[in-house]
Structure formats: structure tokens, C-alpha cells
Number of protein chains: 2
Amino acid sequence: MSSANMTIFRAYAQKSNPASLPPSVLFSHSETCLTVFDAFPKSIFHFLVIPRVRPPFNVYQLANLRSLLKCEKNCAKELLIDLSREANNVKKMIESEMFKKYGFKWEIWMGFHAIPSMEHLHLHVLSADLCSPRMKLKKHYNSFHPKRGFFIHLSDVLSWFDADPSYYKTTSQLKKSEYEPLLKEDLSCWKCDRNLSNMPKLKSHLQEEFDKLFDQEKAKVERERKRSDDLAQTSSSQISLNDDDSPQDELVRGSDEERGPHSEN
Amino acid sequence: MSSANMTIFRAYAQKSNPASLPPSVLFSHSETCLTVFDAFPKSIFHFLVIPRVRPPFNVYQLANLRSLLKCEKNCAKELLIDLSREANNVKKMIESEMFKKYGFKWEIWMGFHAIPSMEHLHLHVLSADLCSPRMKLKKHYNSFHPKRGFFIHLSDVLSWFDADPSYYKTTSQLKKSEYEPLLKEDLSCWKCDRNLSNMPKLKSHLQEEFDKLFDQEKAKVERERKRSDDLAQTSSSQISLNDDDSPQDELVRGSDEERGPHSEN
DNA sequence: TATTCCGATAGTGAC
DNA sequence: GTCACTATCGGAATGAG
């Protein structure tokens, strides 16, 4: 039945005034798309970017990625680029929240499920942790595993447009028979590739991975603080601008670098 | 491992002094067999009759029905007849308990599981209700369903001895591949053959069947009491010998008859 | 077909 | 590949000198 509202996103996408949606649902909207909170987040941060129904598309063409990719190529590409623009705004917002809540930022994924079960195209924008109480089943996890194949990264979809037309034709098929089995594959950590025999063990491991990341980033902050202190001592008349309890700016500057545990540079 | 004591019955059967078994385990014993309470009764009454290890049998020949039926035919038959004798004593005891606790008696089944999981031959003697909190799984139920085939009635086994030798040879094989699938068949009421989709529904239905039986038997008692009263009134100087609150004797006399709800004969 | 525990699997119903 | 609920199915452990 569709009574469990498999079409709720379509209803959102058809609203002439998205602002009337409750704030617990709607995060933001533009002329062309909506961003909503995923009602069952599978990562610490998890949003959906949804195209609003508008010319030249009808609701059926916007049903899912497969139906969109059957549309005129340039139109489809334009729509995806628009979603991409909005998704990147969401990404920035998430990164800002990461800093606020955790003091560092980590990877963010943007992509589609090959075989979505809820109708109307929706682009997942979620933090790369897959740590969430709503992550319960193998199919939940495998549907977001970044290397499993079921989760199709937005950047990959965009690259199909520039590839050989025959390749475009093939990949845009998105056959159920090819993607469905991926959800039943063995559980493996998306980060270290280790195999985990069941969901409780996987979830513990993912939490450990996140805790490890957390500790590493905290150590990074600490090293930055020390370096800052040293500089302050050297130029003794100067007070460090970062001598407070908000490490954000340290991390903004340092977060793209990889350092060994005793790196000093 | 056999550490989960799949061989506990063998240990009982080898005891030189069965009386040393705790009374919660042992119901009675003779020179040749023991009767124990089934630790996980699948009916209101459920006992096991177990042959003691004695010449000409060794423990391996008494492992199960299959191994017993490979022994010399007359020996095997004698052992089964001995078990049968003891089982009939148990049956009488159960019927007495039925009267004491429920005021009427109902059918009792005696038989073997085609493929037992605990070692050492054990004859199930249980009341025909299959109402018990320990009746939990489909395989539990199907293993006692009197028409499913997995539960082999003692009378059937005894009849094999008088049948054609080739029939004896065939039936006494008790191949796992033939009997195991019976446990996975759909659930159906052993009494009315109705199909039930799952164990909770089956259990409710079995309880209803038992309640119906209970009400029918109670009504039977009531009719007997009325008839008794009428007789007392007719021969007005006489007091009914059954004018008390124990309906047992009424039922002993009337229990083999079938009457319609308004039968007066 | 011993039980029990744990977890995966399957069907349903949901507004 | 919606969730939540119920029940089933499937493996492993089970004790113990």
C-alpha cells in the first residue's frame, strides 16, 4: 500500500508554499528545491535535497534517478546541477554544525539510492559516520556503504553525462536485479574494510571508528594549541588570539592536513 | 558437544538404583523400565517411559527406535510390549489425575518421535491436548501432531511386527530425510484440521478446543446429574447416591457415549 | 527432532 | 531499497571435577 506514505516527498515537492511545512520537516527551500531532515537519519547528520515539481518536468519524470535520466539529457543534467548546488550549501551548513558540536569536521557524502523505495527523487546528504540509532538493518547499512555500489555518489552521476553515450545508457538503467543483491552482501566497515558478522558488532565498530577519529582530531587541536603557545612565548609580548575554549579556528586551518602523531611542522 | 546432556535418559536407564533419582524426575520404575516426567511437557500430562539397559540389549541398541528395530525381531517386540505394559499403567494414572483435576478424562497418546534428538529410546505418553506453555515452536507441535507422521504411535509400531517382512524392513528404516521435513509443514489443528498461520494463533485455537471439550464434558455431567435427580424424584423415598460435587462416577459411566446437546436417552 | 540466547529473516500493516 | 511489529528461522552454546 502507499498509505504508509511512500509518496510523502512528492507531496512536499508539489507544495506551492514549502514554508508551510513544519520546521521539524523542512530545513530550507529555494525556487527549485527543498531540503528536509531525514526522518530516520542513518548518520549523525542526514538531510534530503528534493527537486520541486516544475517545468519541464512532471512528477513521473522526477519519480527517481532512473526516470530522470530518461529525460532529455541537458534538462536532467541541469536539474542535477541545481540539486548539487543546494546540496553543497547543506554540506557547508553541516560542516558548520560539526564544528559547533564536535569541534572538528569530517567527510560528507552526497548521493542517491540506486533503488529507492520512497517515491520522488531525493538526494541524500549525510555525514560519513553511519553512526545512528536508526541504523538497524543490514540493508540500511549497505544502502549507504560508499563503496558497495547501491549508494550512487552525485559526482559519479554527473560524470556519466560527460562519458560515452553508450556508457550513459548502460549506467542510467539502474536495474533492480543488479542493485538489489548488493543490500544482502556481508557487512564490512566502510572505513577500514574489516568484516563484521552482524549489525550489533558493526555498530560497535563504527562507533569505535568515530571515537578514534574524534580522539585524533582532538589531539590535532591540542598540538595546534601548543604550537600557538610556543609562538606566544617566543614573541613574549603577544597574547595568542586563540587562547580560548573554542578550537574551531584551529581546526579550520588545520583540518585538511594529515600529520603523524609527533609532527611539528 | 553432548554436554547439553542429550544423553541424560541413557544415564537414567543405566542407574542400578533408579529410586535415587529425584522425585521431580522419576515418576515410577520397574525391573525393566522407568517412567519420568517430561521436563518440558508439551501437553497437560506428559511422561516418558524409558527401557532400562539390560540383556540382551546394550546402550547402542537402545539408542532409539531405529536401532531397536534392527535387533532380533522377537527381542525388540518383547521390549516394546514391556514398554507398552508400563505405558498403559501410566495411562491409567493420567486418567485418574484427569478426573481428579478436571472432572473428566480425554484421549492419551503413546508413541515415539521418528527422529528423536535426545539419545536413548523414550516412549512419550501424553494427553491429547497439546496445551502447554512449553509448546513454543512449530517443530514442537508437528513432532506430536497425531496425524503428521513424525509422531509414531506405539500401536503402529507393534503392528509392523505382524505385517509383511518387507513392510517391516521399510517402515523400520526411519530415514531422517523422510521425517525431518514433516516438522516444517504448515500448522493445523490435530482435532479439527483447521490451518493456523502461526504458533500464537494455533495455541489460542488449541486452548479453545480444550475449553470446548471442557464445557461439553461439564454439560454431560450436568445432564447426568439431572437424570439422576429425576430418578430420585420418581422413586421419591430414595436419595441419589451421586448427590455430591464430585462428578467423576457420572463420567466414568457416561464418558464413552456421544450425545447431542438435547439428548435425553 | 533437548533448551535458550541472539540475531537475521520474512510478512503484515500502516495514515 | 519506508518503519514497526510479530513471528519465524538459523546458528551456537549449553556442562563440567
Side-chain angles (χ1 to χ4, degrees), chain A residues 1-9 11 38-42 48 64-66 112-120 122 124 133-145 148-152 174-187 196-203, chain B residues 1-11 38-42 48 64-66 112-120 122 124 134-145 148-152 174-187 196-203:
Chain A
M1 303 298 164
S2 75
S3 60
N5 239 337
M6 313 284 268
T7 58
I8 188 75
F9 299 151
D38 190 299
F40 301 91
K42 302 303 191 296
L48 304 175
N64 49 56
L65 186 58
R66 189 162 171 266
F112 302 94
H113 279 157
I115 314 293
S117 118
M118 293 191 70
E119 291 185 44
H120 204 80
H122 49 286
H124 292 273
R134 315 315 284 258
M135 179 70 81
K136 295 176 178 176
L137 309 178
K138 176 186 276 195
K139 68 179 175 185
H140 289 161
Y141 180 71
N142 280 339
S143 76
F144 287 106
H145 192 300
R148 181 61 73 232
F150 192 93
F151 184 82
I152 303 178
L174 298 173
K175 285 188 195 161
K176 207 175 198 177
S177 58
E178 284 176 21
Y179 285 93
E180 220 162 28
L182 299 174
L183 297 174
K184 307 212 171 192
E185 290 194 1
D186 287 348
L187 297 170
L196 285 304
S197 59
N198 57 44
M199 284 299 291
K201 282 174 187 165
L202 172 74
K203 285 169 67 70
Chain B
M1 303 298 165
S2 74
S3 58
N5 240 338
M6 314 283 269
T7 58
I8 188 73
F9 299 151
R10 175 172 293 163
D38 190 297
F40 300 93
K42 301 305 190 296
L48 304 174
N64 50 56
L65 186 59
R66 188 162 172 268
F112 302 95
H113 280 156
I115 313 293
S117 120
M118 292 190 73
E119 292 186 44
H120 204 78
H122 49 286
H124 292 272
R134 314 316 285 259
M135 178 70 81
K136 294 176 179 175
L137 309 178
K138 177 186 276 195
K139 68 179 177 186
H140 289 161
Y141 181 71
N142 281 339
S143 75
F144 287 105
H145 192 300
R148 181 62 72 233
F150 193 92
F151 185 81
I152 302 178
L174 297 172
K175 284 188 194 159
K176 207 176 197 174
S177 58
E178 283 176 23
Y179 285 94
E180 219 162 29
L182 299 174
L183 297 173
K184 306 211 172 192
E185 290 195 1
D186 286 348
L187 297 170
L196 285 304
S197 60
N198 57 43
M199 284 298 291
K201 282 174 187 164
L202 173 75
K203 285 168 69 68

Distance, nearest 0.5 Å, that separates CZ of A:Arg134 from NZ of A:Lys136: 5.0 Å

Interatomic spacing from NE2 in B:His124 to CD1 in B:Ile152 - rounded to 0.5 Å: 11.0 Å

Proximity to the side chain of B:Phe40 - top-ranked nucleotide from C:dT3, C:dA8, D:dT8: C:dT3

Aromatic ring pairing A:Phe151/A:Phe144, orientation class (parallel under 30°, perpendicular over 60°, tilted between): tilted

Integer-rounded Å distance: C:dC5 P and B:Leu137 CG: 13 Å

Sugar-phosphate, base or nothing in reach of B:Lys184, heavy atoms under 4.0 Å: sugar-phosphate

Sugar-phosphate only, base, or nothing, as touched by A:Lys42 at under 4.0 Å among non-hydrogen atoms: sugar-phosphate

Rounded distance (Å) that lies between atom P of C:dT3 and atom CE of B:Met135: 10 Å

Proximal nucleotide (of C:dG7, C:dT4, D:dC9) relative to the B:Lys138 side chain: D:dC9

Main-chain N/O of A:Ile115 paired with A:Lys176 side-chain donor or acceptor, under 3.5 Å: no

Separation of the P atoms in C:dT4 and D:dG17, to the nearest angstrom: 22 Å

Residue whose nearest DNA chain D nucleotide is more 5′ - A:Phe144 or A:Lys136: A:Phe144

Protein-nucleotide distance (A:Asp186, atom CG; C:dA8, atom C1'), rounded to Å: 13 Å

Rounded distance in Å - CG (B:Asn198) to P (D:dT6): 12 Å

Atom-to-atom span, NZ of B:Lys203 to P of D:dT8 - whole angstrom: 11 Å

Candidate nucleotides C:dA8, C:dA10, C:dT3, ranked by approach to the side chain of B:Lys139 - the nearest: C:dT3

Among C:dC15, C:dG7, D:dA7, the nucleotide that comes nearest once only the side chain of B:Pro200 is considered: D:dA7

Watson-Crick/G-U partner (both atom distances under 3.5 Å) of C:dC15: none

Between P of D:dT14 and CE of B:Met118, the distance in whole Å: 17 Å

Check: B:His120 ring centre within less than 6.0 Å of B:His122 ring centre: no

Interatomic distance, B:His140 NE2 vs D:dC9 P [rounded to whole Å]: 12 Å

Nearest-nucleotide 5' precedence on DNA chain D, B:Leu187 against A:Glu180: A:Glu180

B:Ile115 or B:Arg134, whichever maps to the more 5' nucleotide of DNA chain C: B:Ile115

A:Phe9 CZ to C:dC15 P, straight-line distance once rounded to whole Å: 18 Å

